[in-house]
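These values consider heavy atoms only, across backbone and side chains, with no hydrogens, waters or symmetry-generated copies. Fair warning: this is a prediction, and the values are worked out from it, not measured in the lab.
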Amino acid sequence: MKKALFVLTLFSSIGFFNPMQIFSPQLTKLMFYLCICMCALLAVTDGRSLRGIDYPRKSYWLFMLMIAVSTVSATAFHPQSYSVTLMSTLPYFLGYFFFWIMLKLALPERFILKWMFIGCLLAVPVYFINLFSFPNVIFGEEFNLDTSRGMLRVPVFFLEIMAFFLFYGINQLLLGRGRKNLWIMICGVCTLMIFMSVVRQVILYSMVLCILFLLKRSSWTKKLMVVAAGIVVVYVLPMIPAYNTMLELSGDQLEENEEKENVRIGAWRYYTFENQTNGLTPIIGNGSPSFGNSVWGNVFDDAIEDNGYLYADVAWAGIIYLFGWTGFAALLILILKAVFKRKTPEREYLTYWFVFIFLCGIGSGVFIYYNSIISIMIGLYLVFGTNEKNSDNNPQLQQPV
């Protein structure tokens, strides 16, 4: 039962790919809420005891407390009812609560990796179907025509998990595990999907971290091969139109930044300092505005249209605005502990993935969108909640395919 609920929760976080938009946004959220709540009920009634499980209790529960406190802040300091605030906060609370649920359910690592991998496999044909069927969108929500980066920008489902398996595949190659060609193919497909997303920071961070990972664990021969491959890539990339367009776009934005402030820098300033209600909200947060359902949400929406500052574009700053510097510090500690926790060689890929997640939080919505939050909570469970000794004794636990 708990395995089935995990799978349902994972896929409900992306609306089961929402074929032909058969699910409304409200129904998509409702399905996600139901799956999480059923998982929580099972965790409470049939979950393991967490005594002896070494996870960052203080920072995690402090962050959950700040989510709860922010609901009071939203109602006390903004024209928004408490019931409306609860509904707008629910995706955050349930999303981050999934870490505790995973700890209680104690699912096998191999099972988790298998279904994460299946999700990525399904996301590849879904992407290309949407790419070739546009302007008809077959899977997911409707999206606008955007060719500013040299090709049609089509959303990639499970993008952060694509990066996860890129680091995972490199880890398997460095460990010298069997089926080397399969791991190379998996790394290649994940790299392709990362590039097809045309999200510049995801491409940059994942590629830089991959190179560092390869150089750290490789022999001098392999290091020279990586350097040689890098030189080849430097010569090949300028031949790709999409790369040149993204490079030109970045150059144009740098020139614009000399005349006016970059929108993400402005968003950081706006959500951390300028758009604070009083001296208390920077500490405990403002809470979550409900767009279209409250006076505050409508005013907030109008302000976004005027200045273009989205807190989903700057996740760390968004966390500060929503849950205060206290919530930010708690979540930061949680992520950094995942990065610096001593791991076996089989799990070193998790270190690089969490560095990737940390960096993406600077200029994307990785800590804001509940589908990404679910992926991060699963990653935290793999770091803190699984039995490393069993994995060391049985390397097959590390094999999703």
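Considering every non-hydrogen atom in both Leu350 and Phe164, the closest pair reads CD2-CE1, 3.7 Å. Contact record, Ile194 with Ile203: O-CG1, 3.5 Å, taken as the closest heavy-atom pair. For Ser88 against Gln80, the heavy-atom pair with the smallest separation is OG-NE2, 4.0 Å. Between Ile335 and Phe367, the closest heavy-atom pair is CD1-CE2, 4.0 Å. What you find for Trp100 and Ala43 is that their closest heavy atoms are CZ3-CB, 4.1 Å. When all heavy atoms are compared, the tightest approach of Thr191 to Cys187 is OG1-O, 2.7 Å.
Put simply, the side chain of Ser12 never gets that close to the backbone of Gly15: no donor and acceptor are under 3.5 Å apart. The closest donor-acceptor contact from the side chain of Ser13 to the backbone of Ile374 lies at 3.5 Å or more, if one exists at all. At least one donor-acceptor pair under 3.5 Å links the side chain of Asn130 to the backbone N or O of Phe139. Judged purely by atom type and a 3.5 angstrom limit, Trp316 uses its side chain to pair as donor or acceptor with the backbone of Phe358. A donor-acceptor pair under 3.5 Å links the side-chain atoms of Gln276 to the main chain of Tyr271, judged by distance alone. Judged purely by atom type and a 3.5 angstrom limit, Thr75 has no side-chain atom pairing as donor or acceptor with the backbone of Val72. Proximity of a side-chain donor or acceptor of Trp183 to a complementary backbone N or O of Asn171 within less than 3.5 Å is not detected. Looking at Asn286, its side chain never comes within 3.5 Å of a backbone N or O of Leu322 through a donor-acceptor pair. In this structure, Arg264 contributes its side chain and Tyr309 its backbone to no donor-acceptor pair below 3.5 Å. Side-chain atoms of Tyr270 do not come within 3.5 Å of backbone N or O of Asn307 as any donor-acceptor pair.
Between Glu160 and Cys360 there is no side-chain heavy-atom pair separated by less than 4.5 Å. Taking 4.5 Å as the limit, every side-chain heavy atom of Tyr381 sits out of range of all side-chain heavy atoms of Ile101. Between Ile53 and Leu103, the closest side-chain pair of non-hydrogen atoms falls below 4.5 Å. For the pair Leu8 and Phe16, the minimum side-chain heavy-atom distance is below 4.5 Å. Using a 4.5 Å heavy-atom cutoff, the side chains of Phe97 and Ile67 are not in contact. Put simply, the side chain of Met116 reaches to within 4.5 Å of the side chain of Ile378, judged on heavy atoms. Counting only heavy atoms from C-beta outward, the side chains of Met193 and Leu159 never approach each other to under 4.5 Å. You'll find the side chain of Phe143 reaches within 4.5 Å of the side chain of Pro155, heavy atoms only.
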Open item on the list: Let's go through Cys190 and Ile186 carefully: what are the C-alpha distance in whole Å and the side-chain angles of both, what is the deciding distance for side chain to side chain contact (heavy atoms under 4.5 Å, CB included) to 0.1 Å, and is it a yes or a no?
Closed with: CA-CA 6 Å; Cys190 291; Ile186 289 172; 4.2 Å; yes
Task: Verdict with supporting geometry, Lys337 and Tyr55, side chain to side chain contact (heavy atoms under 4.5 Å, CB included) - done: CA-CA 9 Å; Lys337 284 194 173 183; Tyr55 73 98; over 6 Å; no
- [ ] Just do the side chain to side chain contact (heavy atoms under 4.5 Å, CB included) check on Leu166 and Cys210 with the steps written out, would you?
- [x] CA-CA 8 Å; Leu166 175 58; Cys210 281; 3.3 Å; yes
- [ ] Check the pair Lys343, Thr351 against side-chain hydrogen bond (donor to acceptor under 3.5 Å, both in side chains), reporting the backbone distance first and the verdict last.
- [x] CA-CA 8 Å; Lys343 305 174 186 70; Thr351 296; 2.8 Å; yes
Open item on the list: salt bridge (charged side-chain N to carboxylate O under 4.0 Å, His left out) for Glu109 and Arg347? Distances and angles first, verdict last.
Closed with: CA-CA 11 Å; Glu109 180 175 356; Arg347 295 168 183 265; 2.7 Å; yes
- [ ] Before giving the answer on ring pair (Phe, Tyr, Trp, His ring centres under 6.0 Å), spell out for Phe165 and Phe117 the whole-Å C-alpha distance, their side-chain angles and the decisive distance to 0.1 Å.
- [x] CA-CA 8 Å; Phe165 277 105; Phe117 185 73; 5.4 Å; yes
Task: side chain to side chain contact (heavy atoms under 4.5 Å, CB included) evaluation trace for Tyr60 with Phe99 - done: CA-CA 9 Å; Tyr60 174 67; Phe99 175 44; 3.6 Å; yes
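Between Trp296 and Phe300, the two ring planes are perpendicular [angle over 60°; tilted spans 30° to 60°]. Using a 30° and 60° split on the angle between ring planes, Tyr352 and Phe213 fall in the parallel class, below 30°. Between Trp325 and Phe273, the angle of the ring planes lies from 30° to 60°, which puts this pair in the tilted group.
With ring centers used as reference points, Phe63 lies under 6.0 Å from Tyr96. Ring centroid separation for the pair Phe93 and Tyr370 does not come in under the 6.0 Å cut-off.
For Ser81, the side-chain hydrogen bond (donor to acceptor under 3.5 Å, both in side chains) partners at least two apart in sequence or on another chain are Ser83. Taking the side-chain hydrogen bond (donor to acceptor under 3.5 Å, both in side chains) definition, one finds that Arg269 meets it with Glu261, Glu274, sequence neighbours left out. For Asn371, there are no side-chain hydrogen bond (donor to acceptor under 3.5 Å, both in side chains) partners at least two apart in sequence or on another chain.
Note that the CG atom of Leu209 and the CG atom of Leu359 stand 6.0 Å from one another [nearest 0.5 Å]. Here Leu173 contributes atom CG and Arg179 contributes atom CZ; the two are 12.0 Å apart, rounded to the nearest 0.5 Å. Here the straight-line distance linking atom CG of Leu122 with atom CH2 of Trp115 works out to 8.5 Å at 0.5 Å rounding. Distance check: Met377 CE to Ile36 CD1 gives 10.5 Å after rounding to the nearest 0.5 Å. With rounding to the nearest 0.5 angstrom, the CE atom of Met87 is 13.5 Å from the OG1 atom of Thr71. For the atom pair CE of Met1 and CG of Leu42, the computed distance is 6.5 Å after rounding to the nearest 0.5 Å.
With His78 as the partner, the side-chain hydrogen bond (donor to acceptor under 3.5 Å, both in side chains) test is satisfied by one option alone out of Thr281, Thr85, Thr277: Thr277. Paired with Tyr92 under the rule ring-ring contact (aromatic ring centres under 6.0 Å, His included), one option of Tyr311, Tyr369, Phe323 passes, and it is Phe323.
Annotation for Asn278: atom CG counts as buried by contact number, over 12 foreign heavy atoms lying within 6.0 Å.
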